[in-house]
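What follows is a single structure, written as structure tokens, with notes after it.
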Amino acid sequence: MIAQGTGMTTLAAEPIWNVGKGLWFGDDASTVAPRVDSLFMFIFWVSTAFFLLIVGLIIVFVIRHRRLPGVAPQRSASHNTPLELAWTFLPMFFLAIMFVWGFRDYMYMHVAPAQAEEINLTARQWSWLATYDHGGSPTETMHLVDLDVPIIPVPKGRPIKVVLHSVDVLHAFWVPDFRVKIDVIPNRYTTTWFEATGGATQFDENGQPLPYTDHYLFCAEYCGNQHSQMAAIIRVMDEAAYQEAKAAMTNIWDGRSLEEVGQILAQRNGCFSCHSADGSAGTGPTWLGIWGKTETVRTRDGATETVTIDENYVRESIYDPGAKIVDGFANQMTPFTSEQIDDQELGAIIAYIKSLGGGSN
Ligand code: HEC
Ligand SMILES: [Cu+2]
């Protein structure tokens, strides 16, 4: 485990199977990184041991039982119950360990803590745009190879949930130092989370330790001829520096937060003639406290389904309201087009509905 906030791994606590980890893994810079590495190394050494055992036995047997002139071939043994039980249950035992361990870490990786701060990340050919809860986006860039990529600040020692979507083709969000990777898909939101620990201290050209650490964000899904340059820098810093970096960001909405912008957009687009934010139902259901709740809907073919109100559901409810009609309401909402409510505006409306509370965030 990583000692929180220090970004240092305690050597004494390293399990034995982590031997050799340094050969191919880079820096450990998030809480999930040591978990991934440890499981990977365990599987690696178990596989190596069985590989050597099996190939070793094959070689021994090939030599020992090879055909010799004048020696009649032995009859094959038909059965050996203890041996067969052993080679069935021994590997099963190791596979069960890998499964339980993998499942535990999979759940850890996929369920973001409720108090996580959210950062929206928009992928396009060929760049990344981060939008924070206060409506700002980073402007600072770094020159990599032959283009300037954005520097995306994140706080150290606190969970961050990343809400991702693409405005064009398939991309993938990959931060090798964090061991975090997820597809980024057009017309749909995907989410992931991480808690940055920063990893090993980094130094400037003069050998002085830097107050932050930088980690590459790559696109990991071939998305066109500049795919390899679709990068960004995730900069892990302490809380004070993070708040300062956030305050210095530009905001295309006059300094308004995403929630405030969402409320204004809901007003301008006439959503409040059918929806309320105070719990009263009108032509449409109220938005108060719906976030994260499950509800019953009717689909186009008349089937009943249970849905959870999340980013994807709200998106669909706006662009294609007839796809899932809330129980107790009629199909009376006219679809909005992406010209009327564009991508960034949709993100703001979602932030606003989210801010009205509910089961989870
Ligand atoms: C003409 C009335 C009307 C307008 C205007 C309207 N809606 Fe709706 N909306 C409805 C109705 C009726 C439903 C429930 C039936 C359904 O699911 O389509 C609904 C459902 C929804 C839902 C799903 C709510 C839930 O509890 O599952 C969301 C989200 C939503 N609308 C967002 C919006 C947004 C955002 C706008 C403005 C951009 C908007 N609506 C404008 C009538 C309207
Ligand atoms: Cu890409």
Side-chain angles (χ1 to χ4, degrees), residues 121-129 147 149 164-174 181-186 189-190 217-232 259 261-277 279-300 304-342 345-359:
L121 203 55
T122 307
R124 52 163 52 85
Q125 287 168 317
W126 290 276
S127 64
W128 298 96
L129 175 71
L147 85 170
V149 303
L164 300 128
H165 73 283
S166 161
V167 296
D168 39 49
V169 299
L170 291 176
H171 302 276
F173 170 84
W174 183 35
K181 191 176 184 186
I182 187 151
D183 287 347
V184 187
I185 301 168
Y189 290 95
T190 52
L217 154 58
F218 293 122
C219 175
E221 183 80 53
Y222 182 70
C223 58
N225 64 355
Q226 272 173 254
H227 157 71
S228 63
Q229 296 165 55
M230 187 171 162
E259 297 169 24
V261 175
Q263 184 178 21
I264 294 168
L265 288 169
Q267 246 147 22
R268 289 204 184 156
N269 285 289
C271 313
F272 292 126
S273 53
C274 302
H275 295 283
S276 81
S280 55
T283 303
T286 183
W287 289 344
L288 184 73
I290 61 169
W291 193 259
K293 291 264 162 69
T294 49
E295 65 183 10
T296 311
V297 295
R298 272 170 294 130
T299 58
R300 282 218 168 80
T304 309
E305 243 180 54
T306 306
V307 295
T308 303
I309 301 184
D310 61 5
E311 289 88 356
N312 284 316
Y313 173 76
V314 170
R315 178 180 197 288
E316 185 185 59
S317 295
I318 293 171
Y319 292 145
D320 187 12
K324 297 195 178 87
I325 297 161
V326 186
D327 208 22
F329 292 87
N331 185 8
Q332 293 206 45
M333 177 170 161
T334 311
F336 288 79
T337 63
S338 54
E339 268 96 63
Q340 290 167 302
I341 298 178
D342 72 20
E345 294 174 337
L346 178 67
I349 291 175
I350 288 174
Y352 170 60
I353 295 180
K354 211 178 270 185
S355 76
L356 297 171

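In each ligand, atom 1 is the first atom listed, and ligand 1 is the first ligand listed.
Looking only at distances, no side-chain donor or acceptor of W128 sits under 3.5 Å from a matching main-chain atom of F173. Under the 3.5 Å distance criterion, the side-chain polar atoms of Y352 are left unmatched by any main-chain donor or acceptor of I264. Formation of a donor-acceptor pair under 3.5 Å by the H275 side chain with backbone atoms of P285 is found in this model. With hydrogens and angles disregarded, no donor-acceptor distance shorter than 3.5 Å links the side chain of H171 to the backbone of E221. Side chain of T190 to main chain of D183: a donor-acceptor pair is present (N/O by atom type, distance under 3.5 Å, no hydrogens or angles). Side chain of S276 to backbone of T286: no donor-acceptor contact under 3.5 angstrom is found. Side-chain N or O atoms of N269 include none that pairs as donor or acceptor with a backbone N or O of C271 at under 3.5 Å. Looking only at distances, no side-chain donor or acceptor of E316 sits under 3.5 Å from a matching main-chain atom of Y313.
Looking only at heavy atoms of the protein, atom 38 (C) of ligand 1 is closest to C271 SG, 2.6 Å. Among protein heavy atoms, atom 32 (C) of ligand 1 sits closest to W287 CZ2, 3.5 Å. The protein heavy-atom contact nearest to atom 14 (C) of ligand 1 is P285 CD, 3.5 Å. C274 SG, 2.8 Å is the protein heavy atom nearest to atom 1 (C) of ligand 1. For atom 18 (O) of ligand 1, the closest heavy atom belonging to the protein is P321 O, 3.2 Å. Regarding atom 15 (C) of ligand 1, its nearest protein heavy-atom neighbour is A330 O, 3.5 Å. Atom 11 (C) of ligand 1 has as its closest protein heavy atom G284 CA, 3.6 Å.
Side-chain contact between T294 and T308 is present, with heavy atoms from C-beta onward closer than 4.5 Å. Taking the side chain as every heavy atom from C-beta outward, D320 and R300 approach each other to under 4.5 Å. Between T122 and H165, some side-chain heavy-atom pair lies under the 4.5 Å cut-off.
The shortest N or O to N or O distance between S273 and ligand 1 is not below 3.5 Å. The shortest N or O to N or O distance between N269 and ligand 1 is not under 3.5 Å. The shortest N or O to N or O distance between E295 and ligand 1 is under 3.5 Å. Taking distance alone, with nitrogen or oxygen atoms compared against 3.5 Å, I325 stays at or beyond that limit from ligand 1.
Interface atoms of ligand 1 facing K324, defined by a heavy-atom separation under 4.0 Å, are 16 (C), 17 (O). Counting the atoms of ligand 1 from 1 in the order shown, those under 4.0 Å from a heavy atom of F336 are 37 (C), 38 (C), 41 (C). Residue-ligand proximity, T283 to ligand 1, at heavy-atom distances under 4.0 Å covers atoms 12 (C). Within the listing of ligand 1, atoms 5 (C) sit less than 4.0 angstrom from a heavy atom of G270.
Contact check on E259 versus K354 returns no salt bridge, with no Lys/Arg side-chain nitrogen under 4.0 Å from an Asp/Glu carboxylate oxygen.
Among E345, Q332, H275, the residue whose heavy atom sits closest to atom 31 (N) of ligand 1 is H275. Among G262, G322, S317, A266, the residue whose heavy atom lies nearest to atom 22 (C) of ligand 1 is S317.
Here M333 meets the criterion, with an N, O or S atom under 2.8 Å of atom 8 (Fe) of ligand 1. Under 2.8 Å from the Cu ion (ligand 2) lies no N/O/S atom of H227, from backbone or side chain alike. Between the Cu ion (ligand 2) and M230 there is an N/O/S contact shorter than 2.8 Å.
Distances from ligand 1 to the non-hydrogen atoms of K293 include no value under 4.0 Å. Proximity of I341 to ligand 1 is established by a heavy-atom distance of less than 4.0 Å.
Considering all non-hydrogen atoms of both residues, C223 and M230 come closest at SG-SD, 3.8 Å.
The part of I318 lying near ligand 1 is the side chain, judged by heavy-atom distances below 4.0 Å.
With respect to the Cu ion (ligand 2), H171 has ND1 as its nearest N, O or S atom.
One finds the CG atom of L346 at 5.0 Å from the CD1 atom of I318 (value rounded to the nearest 0.5 Å).
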